[in-house]
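All figures in this text were calculated on a predicted structure; none of them were measured in a lab. Below, all heavy atoms of this structure are taken into account, side chains as well, without hydrogens, waters or symmetry copies.
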Amino acid sequence: MTAFTVALVLVVAAAGLLRWRRPAWYWMTFGVTLASLRVLLRYASVMDACGLTVPPPRWRLALARVANRPVPDSRPPRILRFRPTRTGLVLRLGLRPGQDVFDVAAASDRLRHSFSMYGVTSREVRSGVVEVRMTGYDVLKRVQMPAKVDTRSMRVPVALREDGSVHYRDYRAVPHALTLGATESGKSVYQRNLVAGLAPMDVALVGIDCKQGVELFPLARRFSALADNPDTAADLLDALVSRMAGVYQLIRAEQRITSAVPDAEIAADIWDLPDDIRPVPVVVLVDEVAELALFASKEEEKRRDRIITALVRLAQLGRAAGIYLEICGQRFGSELGKGITMLRAQLTGRTAHRVNDETSANMAFGDISPDAVLAAIQIPAETRGIAIAGDSTGGWHRIRAPHTSLRQAVNTCNRHADRTPDLPELAAFRPELTVPAEPPVPLSKTAPATA
């Protein structure tokens, strides 16, 4: 008995230590079993307490009355599937007649407390079926991406959602996106994860970094074109518009609209073209978009209008030509001038890290979901990397990208530098990989001493 007591105390102490220091390990060893028992044993009573039950049907009441039996209990949703995961539990529920998916969503917080889970989210799978995902611990506190992810062409796993699932940046489904974030909010880490995920793919990367290239130029070996100032950016965007027109001419010539060709083989974008003639897709990353929209003189205003017009044209017409925009910035508002709201309307994907004002959050999610706006402005400053991701459907998620240092991103880009395609239209903007032998620029404000 003494040995059993000592062993029990050691097991409890180990479980407590794991739950404190390594919650993921605790969940895989102890938590998943305890949570599964807790959910299955309490299911009926919790659903009744949360108002997710329906009265028995009339025929059962009549049968009980005729047989002189007790009145049947109210019925909770049926459990169609119960599946433990590396971060929590997944329940697929079949709703009873009269129940709605919004009833489950409204009771999510009550279910979280009743089942002693960290978080509960729900989504509709199909009519009458709801998937409830429960997380056993804070998966965003220390992000660990799963070993196996569903990677495919133009689909990059960039972050982890609060329900434990992987957040993908799918350019085929969401061609253009807007990413906002104040200084030290984690926006640069999110961008590095995106570049590192695109590096192994057959895609051309084009960067515009008006901070003299400090963010994107270290990754230059994987970029087909780079611009570090607004003047070069204007010329680069014009070259992209010319490439877009050329790709459309190719698609038009290869559409194969004849009576002998099935409808499924008629080309309408680059993905319908044969592999041997398909142009390489292009992802354009714009860092600090506000630097492209600001001006202080008439000449700069003309350049600004030229840049915004090119971006709007690429956002409106670039998808079929395989040109995708990734617009990033600290601030994005209507005060940046005409054309900004038109550009925003074409950016389907929205990601907002911590922002310093409500206007930026409204520009990101005001036309999608008021709840996403409220969640974006409530991100605390000490949790760098936390972001709200949404799209035009109105759905949104809290996500966090795994920490990727600049050195790790550089190593990934250098390792896949052989995949960098040469685009003739952008040859003039190909980054120089050799460092010229120039004297270092003095950083002090005093003039250098003369002999």
Side-chain angles (χ1 to χ4, degrees), residues 152-156 168-178 194 198 200-208 222-227 232-286 289 292 303 305-327 339-349 391-393 419-430:
R152 63 186 74 166
S153 176
M154 304 303 296
R155 191 167 187 255
V156 183
Y168 294 91
R169 177 69 177 93
D170 193 345
Y171 288 93
R172 297 285 297 275
V174 182
H176 314 299
L178 171 66
L194 191 60
L198 289 170
M201 299 184 180
D202 294 326
V203 59
L205 300 180
V206 175
I208 298 176
R222 189 54 185 87
F223 276 77
S224 298
L226 280 170
T232 308
D235 297 334
L236 176 56
L237 291 173
D238 288 341
L240 285 170
V241 172
S242 300
R243 173 183 170 80
M244 180 178 65
V247 172
Y248 276 125
Q249 292 296 326
L250 175 62
I251 297 174
R252 180 70 180 273
E254 297 291 334
Q255 277 188 316
R256 304 184 300 277
I257 304 179
T258 64
S259 59
V261 177
D263 292 343
E265 298 182 6
I266 297 176
D269 56 30
I270 66 168
W271 304 107
D272 297 326
L273 297 175
D275 295 341
D276 55 339
I277 64 172
R278 179 185 300 149
V280 62
V282 179
V283 175
V284 184
L285 293 102
V286 180
V289 65
L292 301 178
R303 181 196 63 198
D305 293 341
R306 177 182 160 198
I307 290 174
I308 299 301
T309 300
L311 286 174
V312 171
R313 294 186 64 187
L314 290 173
Q316 290 179 339
L317 308 174
R319 181 205 60 83
I323 299 177
Y324 308 103
L325 296 181
E326 199 74 34
I327 307 295
I340 289 297
T341 54
M342 184 185 301
L343 175 62
R344 192 274 304 263
Q346 305 297 327
L347 305 177
T348 306
D391 53 41
S392 58
T393 62
R419 291 183 173 271
T420 305
D422 291 320
L423 306 182
E425 302 89 349
L426 308 180
F429 308 97
R430 186 71 184 260

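For Arg155, the salt bridge (charged side-chain N to carboxylate O under 4.0 Å, His left out) test picks out Asp150, Asp170, with sequence neighbours left out. Among residues two or more places apart in sequence or in another chain, the side-chain contact (heavy atoms from CB on, under 4.5 Å) test is passed with Thr341 by Ser334, Met363. For Asp275, the salt bridge (charged side-chain N to carboxylate O under 4.0 Å, His left out) test picks out Arg278, with sequence neighbours left out. Checked against ring-ring contact (aromatic ring centres under 6.0 Å, His included), Phe223 has no partners two or more places apart in sequence or in another chain. In this structure, the side-chain contact (heavy atoms from CB on, under 4.5 Å) partners of Arg303, at least two apart in sequence or on a different chain, are Pro230, Asp231, Ala234, Glu300, Ile307.
Evaluated for a side chain to side chain contact (heavy atoms under 4.5 Å, CB included) with Leu285, the options Leu194, Leu325, Ile208, Ile327 yield exactly one hit, Leu194.
The OG1 atom of Thr309 sits 8.5 Å away from atom CE of Met342, with the distance rounded to the nearest 0.5 Å. Atom NE2 of His176 is separated from atom CZ of Arg344 by 15.5 Å, given to the nearest 0.5 angstrom. We find the CG-CD1 distance between Leu292 and Ile308 to be 6.5 Å, quoted to the nearest 0.5 Å. Note that OG1 of Thr420 is 7.5 Å distant from CG of Leu205, once rounded to the nearest 0.5 Å. The structure places CD1 of Ile277 at 9.5 Å from CD1 of Ile251, a figure rounded to the nearest 0.5 Å. Annotation: the span from Leu426 atom CG to Ser224 atom OG amounts to 7.5 Å, rounded to 0.5 Å.
Across all their heavy atoms, Trp271 and Tyr324 have their closest contact at NE1-OH, 3.0 Å. The two residues Arg243 and Pro279 make their nearest non-hydrogen contact at NH2-CB, 3.8 Å. Among all heavy-atom pairs drawn from Ala225 and Leu236, the shortest one is CB-CD1, 3.9 Å. When all heavy atoms of Pro281 and Val203 are compared, the closest pair comes out as O-CG2, 3.4 Å. Closest approach of Leu343 to Ala315, counting heavy atoms only: CD1-CB, 4.1 Å. Closest heavy-atom contact between Ala321 and Met244: CB-CG, 3.8 Å.
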(message) Is there a side-chain contact (heavy atoms from CB on, under 4.5 Å) between Leu198 and Arg222? Walk through the geometry before answering.
(response) CA-CA 10 Å; Leu198 289 170; Arg222 189 54 185 87; over 6 Å; no
(request) Test Arg306 against Asp235 for side-chain contact (heavy atoms from CB on, under 4.5 Å), laying out the working first. (result) CA-CA 9 Å; Arg306 177 182 160 198; Asp235 297 334; 2.5 Å; yes
(message) If you apply the rule salt bridge (Lys or Arg N to Asp or Glu O under 4.0 Å), what do you find for Arg313 with Asp238, and how did you get there?
(response) CA-CA 10 Å; Arg313 294 186 64 187; Asp238 288 341; over 6 Å; no
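Each salt bridge (charged side-chain N to carboxylate O under 4.0 Å, His left out) pair with one or both residues in residues 317-326, not counting sequence neighbours, appears once here: Arg169-Glu326, Asp269-Arg319.
Contact check for Leu423 versus Val282: side-chain heavy atoms found under the 4.5 Å cut-off.
More than 12 non-hydrogen atoms from other residues, nucleotides or ligands lie less than 6.0 angstrom from CZ of Arg419.
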